[in-house]
Q: 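Please find one structure pasted underneath; my questions will follow.
Both ligands and their constituent atoms are indexed starting at 1 by order of listing. We number each residue from 1, following the sequence as shown.
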Amino acid sequence: MEYRKMGRTGLQLSVLSFGSWVTFAKQIDDTASGKLMTLAYDNGINFFDNAEVYSRGESELMMGRILKKSGWERSSYVVSSKAFFGWRGENNKPNQTGLSRKHLTEACHEALQRFQLDYLDLFFCHRPDKTTPIEEVVRTMNTLIQQGKILYWGTSEWSGAEIAEAHMVARQLGLEGPAMEQPQYNLFERYKMEVDYYTIFKNIGMGTTIWSPLASGLLTGKYNNGIPEGSRLALEGFSWLKDKTLSDQKLARVAGLGKLAGELGTTSATLSIAWCIRNPNVTTAILGATREDQLRENLKALEVLPKLTDEVMTRIDEVMGTKPEMPAY
Ligand SMILES: NC(=O)c1ccc[n+]([C@@H]2O[C@H](COP(=O)([O-])OP(=O)(O)OC[C@H]3O[C@@H](n4cnc5c(N)ncnc54)[C@H](OP(=O)(O)O)[C@@H]3O)[C@@H](O)[C@H]2O)c1
């Protein structure tokens, strides 16, 4: 395993990490989730990602039970939660969502209870909240740090301008700005990581814990000939994701990527994950898996990484046609 410093912090994260969205408490039970976390941990993964909204709090409860049973030293792993969406779905009342001091504080307390932990290593604002002043968010996150309830605070799917504003306000107040961001990043979603955050990486420094490195499985090629039973895009309640993820154009590109992966002696899943971590601004790529064979395949990204020469990267760009244009600064 390779470990990378999270932006300009002293924290080291394994370059591959493991998350529970969709899977824990929805597709897989305690036993299967525990086996996956153990396989991850035994292979050097030290970061486990979660959020209040995943399976409406059940995912944090499950991960908490697994961590408690594992016997792993608390200092050997990093665990996160994210607040914004609340966990009650359509029953959320005012103040049970968003980034107000009230919701951020209560969401942190609830996550700690569900995890059965004393502190969260990483705590993310799961989305920007345009109705809460950024100063309130910055002050609240710094209070939670000072109380020892969280160690680092960050954002998820904020724009570069929103992140820059948070840093400006934090600096004015003599407080800590966001240390990390959690954006989607994969061979179909490149704009934020490669264009929008360019000046933040360059001028401020920021760790990233990127999500959906396989675009929910699309980049494995598993959807090339239809939707396999039991796969994520076949799940009830996920037609929104299916509509967003599948198109003939994307499937044609994935087929092309599969051929290139074959030439390199690997699979498109492994190649796609290696491609993500080839970007030095990626601190860690959060993997998702429902089965141990998937996780084993995805961990091989570390072996494929050295094969990604500049020439191979150019060929990937040609096959995918998704490289965003950099403005002429
Ligand atoms: N901050 C945010 O807004 C946000 C949003 C989404 C996710 N996340 C985080 O990022 C983590 C990873 O995201 P993700 O789960 O979407 O990642 P992903 O890697 O894009 O998709 C993972 C899914 O693809 C399938 N899969 C994975 N490896 C495979 C393989 N080798 N062969 C065939 N199928 C394979 C599995 O689904 P099936 O077996 O069910 O098909 C698996 O659950 C999440 O758990 C969460 O922690 C954060």
Q: Can Glu157 be said to touch ligand 1, with heavy atoms closer than 4.0 Å?
A: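 No, Glu157 has no heavy atoms under 4.0 Å from ligand 1.
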
Q: Does the Arg114 side chain pair with the main chain of Leu61, one donor and one acceptor, at a distance under 3.5 Å?
A: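 Answer holds: no.
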
Q: As a check for students: among Arg296, Gln294, Lys26, identify the option with a heavy atom nearest to atom 26 (N) of ligand 1.
A: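 Of the listed residues, Gln294 has the closest heavy atom.
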
Q: Among all protein heavy atoms, pick out the one at the shortest distance from atom 27 (C) of ligand 1; state its residue, atom name and that distance to 0.1 Å.
A: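 Scanning the protein heavy atoms, the shortest distance from atom 27 (C) of ligand 1 goes to Gly288 O, 3.4 Å.
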
Q: Check Glu165 with Lys130, please: is the shortest side-chain N to carboxylate O separation under 4.0 Å?
A: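 No, no charged N to carboxylate O under 4.0 Å.
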
Q: May I ask whether Asn298 has any heavy atom positioned less than 4.0 angstrom from an atom of ligand 1?
A: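 For ligand 1, residue contact (heavy atoms, under 4.0 Å) with Asn298 is present.
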
Q: Could you name each residue pair satisfying salt bridge (charged side-chain N to carboxylate O under 4.0 Å, His left out) that touches residues 169-191, not counting sequence neighbours?
A: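 Salt bridge (charged side-chain N to carboxylate O under 4.0 Å, His left out) check on residues 169-191 returns Arg190-Glu194, Arg190-Asp317.
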
Q: Look at atom 12 (C) of ligand 1 and say which protein heavy atom is nearest, naming residue and atom and giving the distance to 0.1 Å.
A: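 Checking every protein heavy atom, the shortest distance to atom 12 (C) of ligand 1 gives Ile286 O, 3.2 Å.
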
Q: Starting from atom 20 (O) of ligand 1, locate the nearest protein heavy atom and write down its residue, its atom name and how far away it is, to 0.1 Å.
A: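 Among all protein heavy atoms, the one nearest atom 20 (O) of ligand 1 is Ser216 N, 2.8 Å.
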
Q: Given Gln27, Gln182, Arg127, which one has a non-hydrogen atom that is nearest to atom 48 (C) of ligand 1?
A: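 Considering heavy atoms of Gln27, Gln182, Arg127, the nearest to atom 48 (C) of ligand 1 sits in Gln182.
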
Q: Would you say Arg291 touches ligand 1, if touching means a heavy atom closer than 4.0 Å?
A: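 So Arg291 does not count as touching ligand 1.
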
Q: Measuring from non-hydrogen atoms of Tyr54 to any atom of ligand 1, is the shortest distance under 4.0 Å?
A: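 It does, in that a heavy atom of Tyr54 comes within the 4.0 Å cut-off of ligand 1.
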
Q: Does NZ or CZ of Lys82 lie under 6.0 Å from the centre of the six-membered ring of Phe123, at an angle within 45° of the ring axis?
A: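 Ring-cation test returns no.
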
Q: Taking atom 34 (N) of ligand 1 as the point of reference, which of Glu297, Lys222, Arg232 owns the nearest heavy atom?
A: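 When every heavy atom of Glu297, Lys222, Arg232 is considered, Lys222 comes closest to atom 34 (N) of ligand 1.
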
Q: Side-chain heavy atoms under 4.5 Å apart, restricted to Ile/Leu/Val/Met/Phe/Trp/Tyr: what other residues fall into the cluster of Met6, or is it alone?
A: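 Traced through the cluster, Met6 reaches Leu11, Leu13, Phe47, Val78, Tyr119, Leu122, Phe124, Leu151, Tyr152, Met180, Ile286.
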
Q: Can a non-hydrogen atom of His126 be found less than 4.0 Å from any atom of ligand 1?
A: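 Yes, His126 has a heavy atom closer than 4.0 Å to ligand 1.
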
Q: State yes or no: are the ring centers of Trp158 and Tyr197 separated by less than 6.0 Å?
A: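 Between Tyr197 and Trp158, which both carry aromatic rings, the centre distance is not below 6.0 Å.
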
Q: Ala215 versus ligand 1: do any nitrogen or oxygen atoms come within less than 3.5 Å of each other?
A: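 Yes, at least one N or O pair falls under 3.5 Å.
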
Q: Give the intermediate values and the outcome of side-chain contact (heavy atoms from CB on, under 4.5 Å) for residues Lys192 and Glu157.
A: CA-CA 9 Å; Lys192 274 200 167 83; Glu157 292 296 332; 3.0 Å; yes

